[in-house]
A.B. asks: 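Structure incoming, see below.
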Amino acid sequence: MARFLLCHAPFGSGHTVAKEAIEEAIRERDTDAEIISINVFSYLPSWAEKAMIRFYLWILAHCPSLYRWSYRAGNARCGSTLLMRFIASLMRARLADDICRHRPDTIVCTHAVPARLAGELVCRGEIGMIVIAVVTDHVVHRMWMHRGVTRYFVAHEGLVGRFASCGMADADITVSGIPVRAQFCLRGSMREGNRILVMGGGMGLMSLEPILRAAERIDAPVIVHIITGSEAARRRTLETAQQYSCEMIVDGYNPYVADAMRRASVLITKAGGVSVAEAMAIGIPLILFGSLAGQEEGNTEFLKQSGAALTADNEEELYQSLSDILRGKDAVSRMLAVQAELGRPYAARTIAESICQMIKQKMAVE
């Protein structure tokens with residue numbers, strides 16, 4: 001029976017969703033597998049973890065330029081502050097304890113911090129098992145890169161060159177795509193008229209007013225379906241929605257997001273790596289709006305340049321993009337064709353099969 005330690009982090013829902021997709025694929029392949037999931041930031045005192053998350057959200061909402069600078073500076077030299085090195089040392093010791101207790105055959109990381117911590121433990125000689133890093137964006141930050149990582153799984157071929165340019169030419173890299181859950185793997189649609197699906201991620205940092213104003217300007221009846229991700233955000237959104245006359249559906253947590261995507265004519269969302277991968281797996285016209293500083297800006301640029309999505313920075317651009325998609329069948333066909341080429345709906349299955357094969361090979365040698 002193979003044992004897996006899946007490590008993630010609470011900064012955005014995508015890292016956790018990717019972990020769930022991989023766990024789902026492992027259990028599909030091996031029903032007897034033992035799987036332990038760990039949020040490495042839970043190793044800190046609860047007040048410290050909550051404070052870090054609140055500070056992260058505050059910076060993104062109020063000082064995006066500071067986060068952007070920090071992201072780029074770290075990407076250039078992979079530097080870290082003395083405080084962050086101290087925090088990492090605390091988490092690394094606790095992670096080492098958990099590894100010794102659970103004795104997994106492999107450690108699978110869907111966030112850069114646990115990937116780096118596990119890689120450091122390998123290089124220190126404290127652990128000797130397989131360490132897997134699953135990059136959950138269409139760009140890759142240098143924080144992910146560590147010689148103690150056994151294999152990387154990445155979204156597309158262009159990222160292989162990025163590793164080489166950072167001195168990791170010998171890294172073992174598999175182009176798998178970003179893992180998505182099984183409900184998103186069936187490509188197709190059941191589109192109903194001019195149905196606009198709006199998803200702002202689980203952190204509630206995307207402004208709705210420009211979207212609703214743009215939707216009201218469309219010279220045809222539209223339905224705006226908003227999924228907020230939480231009941232608290234749903235209540236706030238309902239208050240905002242009262243100011244607008246277009247037909248609206250407002251959901252909080254919705255377990256049927258894949259069905260909502262299949263019914264929609266267009267999806268407006270920020271460029272979270274996993275949420276965009278889910279949309280491309282299904283195949284839905286995309287408008288990226290309100291993307292956060294850092295990796296989401298990188299995702300936006302990649303998807304825009306590839307033709308997999310349109311982008312908008314304000315109400316006027318939203319209106320133009322919505323009009324282009326709702327009226328332009330040729331533009332939609334081209335976008336969906338690019339998504340079909342870039343999207344890899346069975347990435348989680350590819351990752352699970354590769355990891356299981358690596359474990360078998362290691363066991364055979366030992």
Side-chain angles (χ1 to χ4, degrees), residues 9-18 53 56-68 71 110-111 135-139 141 155 178 180 184 196-215 224-230 232-234 236-237 240 250-254 257-258 260-261 264 266-282 284-306 308-322 325 335 339 342-343:
F11 297 95
S13 60
H15 308 291
T16 302
V17 170
I53 294 172
Y56 172 72
L57 294 176
W58 187 89
I59 286 288
L60 286 173
H62 301 287
C63 298
S65 57
L66 179 58
Y67 182 83
R68 185 179 297 111
Y71 178 88
T110 59
H111 188 275
V135 179
T136 53
D137 287 292
H138 294 279
V139 293
H141 192 279
I178 296 172
V180 301
F184 295 92
I196 302 168
L197 179 61
V198 180
M199 296 174 59
M203 296 186 290
L205 296 175
M206 191 171 78
S207 177
L208 285 174
E209 286 86 347
I211 299 172
L212 297 177
R213 289 196 297 266
V224 181
H225 183 186
I226 303 170
I227 299 179
T228 64
S230 71
R234 178 179 179 272
R236 292 194 300 270
T237 300
T240 302
V250 182
D251 289 332
Y253 172 73
N254 187 329
V257 173
M261 286 186 183
V266 58
L267 169 62
I268 302 175
T269 185
K270 61 188 192 66
V274 173
S275 58
V276 168
E278 290 173 342
M280 291 201 299
I282 282 177
I284 179 172
L286 272 171
I287 300 174
L288 302 178
F289 174 73
S291 297
L292 303 178
Q295 62 272 19
E296 289 193 3
E297 290 178 332
N299 290 338
T300 297
E301 186 62 24
F302 172 79
L303 294 164
K304 178 183 177 180
Q305 292 297 326
S306 67
L310 299 180
T311 63
D313 294 325
N314 51 54
E315 178 189 334
E316 187 60 35
E317 292 181 5
L318 276 167
Y319 169 70
Q320 291 298 330
S321 295
L322 276 172
I325 287 173
M335 185 185 296
Q339 290 182 7
L342 284 177

A.B. asks: Minimum heavy-atom separation for Gln295 and Tyr67, please, with both atom names.
C.D. replies: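 Here Gln295 and Tyr67 meet closest at OE1-OH, 3.4 Å.
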A.B. asks: Is there a side-chain contact between Arg213 and Tyr319, using heavy atoms and a 4.5 Å cut-off?
C.D. replies: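 Side chain of Arg213 against side chain of Tyr319, heavy atoms only: no contact under 4.5 Å found.
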A.B. asks: What are the two closest non-hydrogen atoms of Pro285 and Ile325, and how far apart are they?
C.D. replies: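 The pair with the smallest heavy-atom distance is CB-CG2, 3.6 Å.
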A.B. asks: Checking side-chain contact (heavy atoms from CB on, under 4.5 Å) for the pair Val224/Leu212: CA distance, chi angles, key distance, verdict?
C.D. replies: CA-CA 8 Å; Val224 181; Leu212 297 177; 4.0 Å; yes
A.B. asks: Between atom CG of Leu288 and atom OG1 of Thr300, what is the distance when rounded to the nearest 0.5 Å?
C.D. replies: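 Spacing of CG (Leu288) from OG1 (Thr300) equals 5.0 Å.
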A.B. asks: Decide yes or no for Asn314 and Pro210: does some side-chain heavy atom of the first lie under 4.5 Å from some side-chain heavy atom of the second?
C.D. replies: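 No. Closest side-chain heavy atoms not under 4.5 Å.
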A.B. asks: Taking salt bridge (Lys or Arg N to Asp or Glu O under 4.0 Å) as the cut-off, I'd like each qualifying pair that reaches into residues 57-68, sequence neighbours left out, listed once.
C.D. replies: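 Pairs touching residues 57-68 that pass the test: Arg68-Glu297.
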A.B. asks: Would you please test Glu209 and Glu315 for side-chain contact (heavy atoms from CB on, under 4.5 Å) and show each step?
C.D. replies: CA-CA 9 Å; Glu209 286 86 347; Glu315 178 189 334; over 6 Å; no
A.B. asks: Ignoring hydrogens, what is the shortest heavy-atom contact between Met199 and Val257? Give both atom names and the distance.
C.D. replies: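 For Met199 and Val257, the tightest heavy-atom pair comes out as CE-CG1, 3.6 Å.
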A.B. asks: Any chance you could lay out the side-chain contact (heavy atoms from CB on, under 4.5 Å) test for Ile178 and Glu278, step after step, and finish with the verdict?
C.D. replies: CA-CA 9 Å; Ile178 296 172; Glu278 290 173 342; over 6 Å; no
A.B. asks: Judged by atom type as modelled, is there a donor-acceptor pair below 3.5 Å linking the side chain of Arg234 to the main-chain atoms of Val250?
C.D. replies: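 Here the side-chain-to-backbone pair exists.
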A.B. asks: Given Ile226, which partner from the list Leu197, Ile196, Leu208 fulfils the side-chain contact (heavy atoms from CB on, under 4.5 Å) test?
C.D. replies: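 When Leu197, Ile196, Leu208 are each tested with Ile226, the side-chain contact (heavy atoms from CB on, under 4.5 Å) holds only for Leu208.
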A.B. asks: Is the backbone of Ala308 close enough, under 3.5 Å, to the side chain of Gln339 for a donor and an acceptor to pair up by distance?
C.D. replies: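 Indeed, once roles are kept as given, a pair shorter than 3.5 Å links the two residues.
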A.B. asks: Looking only at heavy atoms, which two atoms of Val276 and Lys270 are closest? And how far apart?
C.D. replies: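 So the minimum-distance heavy-atom pair works out to CG2-O, 4.1 Å.
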A.B. asks: If you compare all heavy atoms of Ile284 against all heavy atoms of Ala264, which two are closest, and at what distance to 0.1 Å?
C.D. replies: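 Result for this residue pair: CD1-CB, 3.8 Å.
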A.B. asks: Looking only at atom types and distance, does a side-chain atom of Thr136 sit under 3.5 Å from a main-chain N or O of Val274, one as donor and one as acceptor?
C.D. replies: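 Not a single qualifying donor-acceptor pair exists.
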A.B. asks: Any chance you could measure Lys304, atom NZ, to Glu301, atom CD, to the nearest 0.5 Å?
C.D. replies: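 Answer rounded to 0.5 Å: 6.0 Å.
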A.B. asks: Do Ile53 and Trp58 make a side-chain contact, defined as non-hydrogen atoms from C-beta onward lying under 4.5 Å apart?
C.D. replies: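 Counting from C-beta outward, Ile53 and Trp58 never come under 4.5 Å.
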A.B. asks: Is the side chain of His15 donor-acceptor paired with the backbone N or O of His111 at a distance under 3.5 Å, no angle test?
C.D. replies: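 Answer holds: no.
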A.B. asks: Is the shortest heavy-atom distance from the side chain of Ile211 to the side chain of Leu322 under 4.5 Å?
C.D. replies: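 Contact flag for Ile211/Leu322 side chains = no.
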A.B. asks: Check step by step if side-chain contact (heavy atoms from CB on, under 4.5 Å) holds for Thr16 and Phe11.
C.D. replies: CA-CA 9 Å; Thr16 302; Phe11 297 95; over 6 Å; no
A.B. asks: Search all heavy atoms of Ile227 against all heavy atoms of Gly252 and return the closest pair with its distance.
C.D. replies: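 Answer, listing the atom of Ile227 first, then Gly252: CG2-O, 3.5 Å.
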A.B. asks: For the backbone of Asp251 and the side chain of Thr228, can you confirm whether one donor and one acceptor N or O come within less than 3.5 Å of each other?
C.D. replies: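 Answer holds: yes.
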A.B. asks: Using the test side-chain contact (heavy atoms from CB on, under 4.5 Å), find all partners of Asn299 that sit at least two apart in sequence or belong to another chain.
C.D. replies: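 Partners of Asn299 by the side-chain contact (heavy atoms from CB on, under 4.5 Å) criterion, ordered by chain and then number, come out as Asp137, His138, Val139, Ala271.
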A.B. asks: Let me know which of Asp313, Val198, Leu318 forms a side-chain contact (heavy atoms from CB on, under 4.5 Å) with Phe289.
C.D. replies: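 The option that passes is Leu318.
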A.B. asks: Nearest 0.5 Å, please: how far is CE in Met280 from OG in Ser275?
C.D. replies: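 One gets 10.0 Å once the value is rounded to the nearest 0.5 Å.
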